[in-house]
Amino acid sequence: SQDPHHHPIPPSDLSDDRRWRLAVLGLGRRGLEYAAAIARDHGCLLAGLADPRSDLRSFARGCGFQAPIAVSLPRAKQIGEHTLNSSHED
């Protein structure tokens, strides 16, 4: 069931530069839940994912996330400065 207080913004109403850009640090169960919620929200843009564990980074990529994936927050920021929409894995 859907939260009656949540009113998602239609995707046509916001360009990428007007959406909240969010990154998820830590790709365990909770991190993947956050990433999925961000990806579904039209008011947000999943700008990056980071985790030091290569198995969790690979699993996140296998889940279909298209945001850049990095080993750490500093590396994610470097990747994010160069590209927003390409797939990277550190």
Side-chain angles (χ1 to χ4, degrees):
S1 74
Q2 191 149 20
D3 179 355
H5 302 290
H6 179 72
H7 301 284
I9 300 169
S12 60
D13 289 353
L14 286 179
S15 61
D16 283 353
D17 60 337
R18 295 193 58 214
R19 295 162 68 190
W20 285 92
R21 291 184 55 186
L22 302 171
V24 174
L25 308 176
L27 298 176
R29 179 178 167 197
R30 184 69 49 125
L32 292 175
E33 289 173 357
Y34 284 131
I38 292 165
R40 285 190 308 267
D41 190 318
H42 298 299
C44 298
L45 176 67
L46 183 59
L49 303 164
D51 197 290
R53 289 181 46 185
S54 64
D55 60 325
L56 293 179
R57 293 192 312 272
S58 294
F59 185 78
R61 179 63 65 220
C63 288
F65 291 108
Q66 298 300 309
I69 299 179
V71 137
S72 65
L73 177 59
R75 182 64 184 130
K77 285 182 177 180
Q78 286 177 337
I79 292 170
E81 289 172 3
H82 296 294
T83 181
L84 241 185
N85 296 318
S86 65
S87 298
H88 287 278
E89 185 160 338
D90 206 22

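Keep in mind that the numbers below use all heavy atoms, side chains included, and drop hydrogens, waters and symmetry copies.
Listed here is the closest heavy atom pair of H42 and R19: O-NE, 3.2 Å. A pairwise comparison of heavy atoms in R57 and P52 identifies NH1-O, 3.0 Å as the closest pair. The two residues A35 and L49 come nearest to each other via the heavy atoms CB-CD2, 3.8 Å. Considering every non-hydrogen atom in both P68 and A47, the closest pair reads CD-O, 3.4 Å.
Interatomic distance, CG of L22 versus CG of L45, reported as 8.0 Å (0.5 Å rounding).
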Could you list the donor-acceptor pairs under 3.5 angstrom formed between side-chain atoms of residues 25-34 and any protein atom two or more places apart in sequence or on another chain?
| from | atom 1 | to | atom 2 | distance (Å) |
| --- | --- | --- | --- | --- |
| R29 | NE | E33 | OE2 | 3.3 |

Salt bridge (charged side-chain N to carboxylate O under 4.0 Å, His left out), that's the test. Do D51 and R53 meet it? Break it down for me.
CA-CA 5 Å; D51 197 290; R53 289 181 46 185; 5.2 Å; no
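Hydrophobic clustering of Ile, Leu, Val, Met, Phe, Trp and Tyr side chains at less than 4.5 Å, counting indirect connections, keeps V71 apart from L73.
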